[in-house]
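Both backbone and side-chain heavy atoms feed into the values below; hydrogens, waters and symmetry mates do not. Just so we're clear, the structure is a prediction, and the values are computed from it rather than from any experiment. Labels below follow one simple rule: chain letters A, B, ... track the order of the sequence lines, proteins then strands, and each chain is numbered from 1.
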Amino acid sequence: MYGKGIIKGLGVTLKHFVDTYLDDIQWWGRRYYKTGGIAHRSSKDTRGIFTVQYPEEKLPVPEEFRYVPFLVYDEGADGKKEVRCTSCGICAKVCPPQCIWIVRSNDPQTGRPVPEPTEFYIDADICMNCGFCAEYCPFDAIIMDHDYEIASYQRNVFNMQKLLKPASYYRSIRPLNYQRNDEERKAKEAAKAAKAEASAS
Amino acid sequence: MTTLVETETLDLAARFPGSAAVDTRPGYSGWIVNKDRLVEVATALRDEFGYDLLSHVTGVDYFPDKMEVVYNAYKTTGGPGVLFKVQVPRLDPIEVPSVTPIWPGAEFQEREIWDLYGIKFTNHPDLRRILMWEGFEGHPLRKDWHEPFYEEDFKPLKSRWPDGKYVSAEDKNPYKDNLQFPQNFDPAKVTLDGEAPLYDTLQKYTTVDAGIKTDHIIVNMGPQHPSTHGVFRAAVVLDGETIVSLKPVMGYLHRNHEKIGERNTFLQNMPYTDRLDYFNSMSNNWGYSLAVEKLMNIKVAERAEYLRVIMAELSRIQNHLILIGMLLNDLGAYFTPALYAFEERELILDIFEATSGTRMMCNYHRFGGVSRDLPEGVLEKIRGLVEDRLPRKADEFDRLLTENEIFISRMKGVKVIDGEDAIKYSVTGPVLRAAGIPYDVRRAQPYGIYDRFDFDVALRHGGDLYDNYLIRLDEIRQSIRILQQAVKQIPDGPINSQKPQYQVRVPAGEAYGRIEAPKGELGYYVISTGKPNPWRYHVRAPSFMNITALEKMCVGKKIADFVVILGVLDIVLGELDR
Ligand code: SF4
Ligand code: SF4
């Protein structure tokens, strides 16, 4: 019969239409604007329309999500910012579009280079969010951010002041990575201490 | 697995004494052919030795003394290919005979080499620039060509570290020292008549006299036309509604990906490959890592091999889903099917995001493995998709479209291309298989661990639009089969066989890595000189190659069919224009 195929196809459309409401009923009141509902809508069991109403609703980003990087500082005892970066320059070398600029300085008294950079720029408009800088930084000093809402009317050239964020923020967005890094660091320090002890005795 | 061993069975030197010799440079393979006998050699390779599919042609600038044109041909019956080269002194005018009469698929590639390297192909039917515009000065892939804002030949750039000064591109005055104009150049007096050669060639067609006198009109489809899925243009001559002549115009999105690639270090190229066919970064990465891993002669970690297969096949599924959805958009069923297709794609992209960090620009491969392992719960999600949800989706599309009478009457019987022509024009991928040629790199020359999986090469015989639609569903089902096996077999273990290194050492030599991307054969031809940056980085982009046959496909069809043909060709401009 001519038109059978069309009717069959419309059946699919009808099913999609009904499914949304069925899912709505099943998840009565919890399908929208609720963490569980959003998680359900991005699971494999979701039915019907599963559009997320951005910006009212936001999909949670997974831990590995990467956007323009930031620099990490540890909070020192007297509230001092202990910047982890040592200006080793690996991130600037590995960065594919070459959007990292590092300015290093010397100690005015001793004349020797200080590890902490005086300035650190990332041209966020050029940054391709590849994640290499964070991946290859030997000090976990540069980490990919989760904040993706950075649209602005100007060029986004981030300087060090803008880039620095506390380690607690790092832990809050990437708990697993933070833990792993922390353990590695502690293990390394312990090994170093053990070695120092061994050579001292 | 070097090509040297593979090509040993073929003795070109014995067949053409004095005119063909083995390429003996360390790390290189294949043959060096005398320029004057190139056409003869190429004909013999095609007719006597059976290398019917010209995979790619490209140039290499061995600054300062020679230029080389590299040809790579395969048999559609499978097996290794033959690599042969022609060397010419680097003195303008550089001329090499064209192989377009033997393999018409070389037409656009030779135009590209002319455009970017300035090598003239004698006997070429239509040698115009292709990616750059007519009137452009110079040939940008030459090693001595420098663009405005030129800083240095190789990254990392010295200005960035350690005492770098931030400089933004717009602070640099383009009219200062970095820009070169021809002598006596006055911007006010420039007239751009670059379109004239295009319209001249467009007018070279022969038509059958139907007895009725009709006017022929020229229509420019694009660059801003919804059916072209980007900035692509086709200049078309119409006789009534019938296409009598067609020339694709491209390069609107050209950024000289290959020049960027030759400045990057080997690793830095990885995220750039994401931007070629931006729907399938997961498989783009693979071709490139294959080529570099061949050069480095390293093995890939076992678990990473499985992860690569899983990601590439998921990518293929979502690519084909979008293709079907957008095809329906082009046909006028506005957005309902497209959004149905996007649903499952969304779920697949969630997996990519959780694993690699982004949805589309995955940058997932590293030499010797992949960058991250699957986070907790993701393997279960993949399992759920491939065991349950995706097979249902394929069936749903079957119900939605396959028997739809309107769809069938539009699609059936409109032949895209037949098998024989498809091979001649170097068409690969689903379009070739829909025309009855069972050529799939995963089977023809298996890479990674594809030889371990049980799957069929999807095949249709009609080569019409409808078959081109059906083959996508077939391929989705085959990919699901592969995935079901892969998620069962995936072993535990490290995800990279190498230590993480931001600067890899790549021994000198050449390598060609190719994969079966969702759109066709995607290959990377990489030359290393042992330095941190590749000397040559060439992308054999399936979209670009398949578009070579566009005129052949469209002439004689209605203008409305052009839209659908372009739809099933599945071009993506990031890759086509590079
Ligand atoms: S961020 Fe890391 S890689 Fe970059 S300079 Fe600082 S320590 Fe080195
Ligand atoms: S994410 Fe990539 S592009 Fe961005 S700053 Fe880091 S290395 Fe550079």
Side-chain angles (χ1 to χ4, degrees), chain A residues 2-13 15-16 42-46 48-51 59 61-67 87-105 113 117-119 121 123 125-126 128-132 135-136 144 155 157 159 176, chain B residues 151 155-157 159-170 260 264-265 267-272 274-275 336-337 339-340 343 346-347 350 353-358 361 363 366 371-372 375-376 378 381 384-385 388-389 396-397 399-408 500-503:
Chain A
Y2 190 87
K4 204 171 125 215
I6 299 178
I7 292 168
K8 214 168 158 185
L10 285 174
V12 174
T13 326
K15 185 166 178 304
H16 267 257
S42 38
S43 77
K44 77 160 184 67
D45 300 313
T46 175
I49 299 168
F50 52 89
T51 314
L59 270 179
V61 291
E63 165 148 2
E64 288 301 338
F65 177 73
R66 52 185 148 88
Y67 209 61
S87 340
C88 72
I90 288 179
C91 56
K93 279 185 202 150
V94 75
C95 175
Q98 298 282 288
C99 66
I100 300 180
W101 279 261
I102 301 170
V103 185
R104 206 159 62 164
S105 66
T118 12
E119 248 315 349
Y121 295 104
D123 191 334
D125 295 335
I126 295 177
M128 68 204 295
N129 309 321
C130 68
F132 277 162
E135 197 172 324
Y136 294 101
M144 300 306 286
R155 254 188 100 103
V157 181
N159 60 10
L176 294 177
Chain B
E151 280 184 69
K155 290 176 187 172
L157 306 175
S159 64
R160 304 301 194 269
W161 182 85
D163 303 307
K165 264 255 155 318
Y166 172 77
V167 202
S168 86
E170 59 264 41
I260 298 173
N264 283 343
T265 62
L267 181 69
Q268 282 172 345
N269 270 335
M270 197 61 85
Y272 279 91
D274 294 345
R275 276 92 178 149
T336 302
L339 287 174
Y340 288 179
E343 288 177 351
E346 226 23 55
L347 298 176
D350 281 344
E353 189 181 26
T355 313
S356 75
T358 49
M361 301 296 128
N363 184 19
R366 296 291 176 272
S371 66
R372 289 172 191 85
E376 220 189 294
V378 170
K381 185 162 176 182
L385 280 180
D388 171 35
R389 181 133 188 158
E396 183 186 281
F397 261 101
R399 282 201 307 282
L400 181 69
L401 295 170
T402 309
E403 287 166 40
N404 185 310
E405 287 82 359
I406 305 172
F407 183 65
I408 293 177
Q501 266 176 311
Y502 73 93
Q503 193 92 277

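Between the side chain of A:Gln98 and the backbone N or O of B:Leu157 there is at least one donor-acceptor pair closer than 3.5 Å. Judged purely by atom type and a 3.5 angstrom limit, A:Glu64 has no side-chain atom pairing as donor or acceptor with the backbone of B:Ala354. Of the possible donor and acceptor atoms, none in the side chain of B:Glu343 sits under 3.5 Å from a partner among the backbone N and O of A:Thr46.
Among A:Lys15, A:Met144, A:Glu63, A:Lys4, the residue making the largest number of heavy-atom pairs under 4.5 Å with chain B is A:Lys4. Considering only heavy-atom pairs separated by less than 4.5 Å from chain A, the leading option among B:Glu403, B:Met270, B:Glu346 is B:Glu403. Of the listed residues (A:Pro62, A:Gly9, A:Cys95, A:Pro113), the greatest number of heavy-atom pairs within a distance under 4.5 Å of chain B belongs to A:Pro62. Across A:Lys8, A:Glu119, A:Lys44, A:Arg66, the residue that shares the most heavy-atom pairs under 4.5 angstrom with chain B is A:Arg66.
Here the shortest heavy-atom pairing between B:Lys155 and B:Asn264 reads NZ-OD1, 2.8 Å. A pairwise comparison of heavy atoms in B:Leu347 and A:Ser43 identifies CD2-O, 3.7 Å as the closest pair.
Under a 4.0 Å N-O distance rule, the pair A:Glu135/B:Arg366 qualifies as a salt bridge. B:Arg389 has no carboxylate O lying under 4.0 Å from a charged side-chain N of A:Asp45, or vice versa, which leaves the two without a salt bridge.
Of the atoms belonging to B:Leu401, not a single heavy atom falls under 4.5 Å from chain A. Both the backbone and the side chain of A:Pro97 come within less than 4.5 Å of a heavy atom in chain B. For B:Thr358, the parts lying near chain A are the backbone and the side chain together; criterion is any non-hydrogen pair under 4.5 Å. Using a 4.5 Å cut-off between heavy atoms, B:Thr355 touches chain A through its backbone atoms (N, CA, C, O) alone. Both the backbone and the side chain of B:Asn363 come within contact range of chain A, each with at least one heavy atom under 4.5 Å from a heavy atom of that chain. Within the 4.5 angstrom heavy-atom criterion, only side-chain atoms of A:Phe50, from C-beta onward, approach chain B. Within the 4.5 angstrom heavy-atom criterion, only side-chain atoms of B:Asp388, from C-beta onward, approach chain A. In this structure, the portions of A:Phe65 lying under 4.5 Å from any heavy atom of chain B include both its backbone and its side chain. For B:Tyr272, the parts lying under 4.5 angstrom from a heavy atom of chain A are both the backbone and the side chain. Interface remark: A:Thr51 contributes no atoms to any contact with chain B (heavy atom separation under 4.5 Å).
A 6.0 Å sphere centred on CG of A:Leu59 holds more than 12 heavy atoms belonging to other residues, nucleotides or ligands.
Considering only heavy atoms from C-beta on, A:Tyr67 stays 4.5 Å or farther from A:Val61 through its side chain.
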